[in-house]
Asks: 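Let me give you the structure first, and then I'll get to my questions.
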Amino acid sequence: MVSTPDAADVSQAGRKAGRGARDAAHSTPVRVAARVGIAANGVLHLLIGWLAVQIALGSGGQADQNGALGAIAAEPAGRVLLWVLVVGFAAVVLWRTVSAVWGFHYVGDSTKRTVKRVVAGGQAVVYAVLAVTAATTAVSGRASSGGGGRATAGLLGLPGGQVLTALVGLSVLVGGGVMAWNGYRKQFTEDQDLGGADSRLRRINARTGQAGYIAKGIAIGVLGILLGVAALTFDPQRANGLDSALKTLREQPYGVFLLVAVGIGIACYGVFCFLDARYHRVD
């Protein structure tokens, strides 16, 4: 007769698995790799900022993560660097996933802790996409394009796709606004341990974080608007990711100056990531 595990056995196995995941995410190798991943995100944003300024000045190119990864792949030893980024991004996925379930015990308010855990879960998804994209680019030697348009087309093709796309666009618009507002209020410092930073580094951290969060919030907000336009016109190419959002900014009155400012802001976010890689709480 085959025995079946009872509820106590299942619960104990679940607790052991949970402890194993926490121990893995809090191990020194994963902590170091997570910081590498945060710094890698800084490299990407420096490149995106540079590509955005180039587009503002009339050059072609793709000002998003794919464009930045493609620029890395085109350099000597670029594929090796891409695999380093993949390892770092994967470590961030593990760390943020565990944080989404068990993290942020240093936050006293339970509601704020829940929000941070939800955000951490979203970050795990974002870094997972970055890891897959970087790995794909490393294998093929070039970045893909048009992914945002394909994703929007897939969403529009679902039953009630126009409504779903409009709701996603609204959520993205709100998310961009929240990011800009949180950047203005410097809320990103809540997740940092700046005890070992001198006053000069604290100022640089605050200013680059503010500029970066606000610039990214603007770009994300424009993407949300483009998703809404795509829903109304049933045209997925209206919302082809961050690249479309930045190029849309350029088409506005004084758009060249606006896009240069946003590009510089995104580059500031890249600088902030290097500081965040050092001072972000990874416990």
Side-chain angles (χ1 to χ4, degrees), residues 22 24-50 64-65 68-69 71-72 75 77-78 80-100 103-107 116-117 119-135 137-138 179 182-183 186-217 263-283:
R22 288 197 298 273
H26 294 156
S27 65
T28 298
V30 171
R31 289 188 184 197
V32 171
R35 295 192 187 280
V36 171
I38 296 173
N41 200 28
V43 173
L44 287 184
H45 280 83
L46 283 175
L47 287 170
I48 293 170
W50 179 78
D64 57 11
Q65 285 87 349
L69 292 172
I72 294 174
E75 295 299 319
V80 175
L81 177 57
L82 284 173
W83 284 116
V84 173
L85 300 187
V86 170
V87 173
F89 291 149
V92 175
V93 172
L94 175 59
W95 165 50
R96 293 282 77 179
T97 300
V98 172
S99 297
F104 304 102
H105 293 292
Y106 57 85
V107 178
K116 285 184 177 294
R117 287 178 174 177
V119 171
Q123 289 174 332
V125 173
V126 169
Y127 275 94
V129 172
L130 283 173
V132 171
T133 304
T137 305
M179 185 172 192
N182 287 343
K186 296 186 288 188
Q187 287 195 326
F188 48 84
T189 59
E190 294 179 357
D191 297 318
Q192 294 178 309
D193 182 3
L194 296 167
D198 59 29
S199 59
R200 182 177 63 87
L201 281 177
R202 288 171 182 263
R203 286 195 300 272
I204 295 173
N205 180 75
R207 295 296 176 260
T208 56
Q210 279 184 309
Y213 271 79
I214 291 171
K216 282 197 67 177
I264 292 173
I266 291 175
C268 284
Y269 186 84
V271 174
F272 167 77
C273 284
F274 294 130
L275 293 167
D276 199 38
R278 168 64 180 84
Y279 295 109
H280 199 101
R281 298 176 185 264
V282 293
D283 49 359

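Keep in mind that what you see is a predicted model, and the values were worked out from it rather than measured.
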Asks: Compare all side-chain heavy atoms of F89 with those of V86 and state whether any distance is below 4.5 angstrom.
Replies: no
Asks: How long is the span from the CD1 atom in I214 to the CD1 atom in I266, to the nearest 0.5 Å?
Replies: 13.0 Å
Asks: Measure the spacing between SG of C268 and CD of Q210 and express it to the nearest 0.5 Å.
Replies: 11.0 Å
Asks: When you compare the side chain of L275 with that of L201, does any pair of heavy atoms fall below 4.5 Å?
Replies: yes
Asks: Indicate yes or no: at least one non-hydrogen side-chain atom of L130 is less than 4.5 angstrom from one of V92.
Replies: no
Asks: Using 0.5 Å steps for rounding, measure from the CD1 atom of I48 to the CG atom of L69.
Replies: 8.0 Å
Asks: Going from OG1 on T137 to CH2 on W83, what distance comes out if it is rounded to the nearest 0.5 angstrom?
Replies: 10.0 Å
Asks: Check whether any side-chain heavy atom of Y127 lies under 4.5 Å from a side-chain heavy atom of N41, and answer yes or no.
Replies: yes
Asks: Parallel, tilted or perpendicular: which describes the rings of F188 and F272, with under 30° parallel and over 60° perpendicular?
Replies: perpendicular
Asks: Could you check V36 against V87 for side-chain contact (heavy atoms from CB on, under 4.5 Å), going step by step and ending with a plain yes or no?
Replies: CA-CA 9 Å; V36 171; V87 173; over 6 Å; no
Asks: For the residue pair Q187 and M179, establish whether any side-chain heavy-atom pair is separated by less than 4.5 Å.
Replies: no
Asks: Say you draw a straight line from CG of L85 to CG of L44; how long is it, rounded to the nearest 0.5 Å?
Replies: 6.5 Å
Asks: Nearest 0.5 Å please: distance from the CG atom of L194 over to the CZ atom of R281.
Replies: 9.0 Å
Asks: Relative to each other, are the rings of Y269 and H45 parallel, tilted or perpendicular (30° and 60° limits)?
Replies: tilted
Asks: Look only at the side chain of R35 and the backbone of A277, and say whether a donor-acceptor pair between them is shorter than 3.5 Å.
Replies: yes
Asks: For A124 versus V93, what's the shortest heavy-atom pair and its separation?
Replies: O-CG2, 3.6 Å
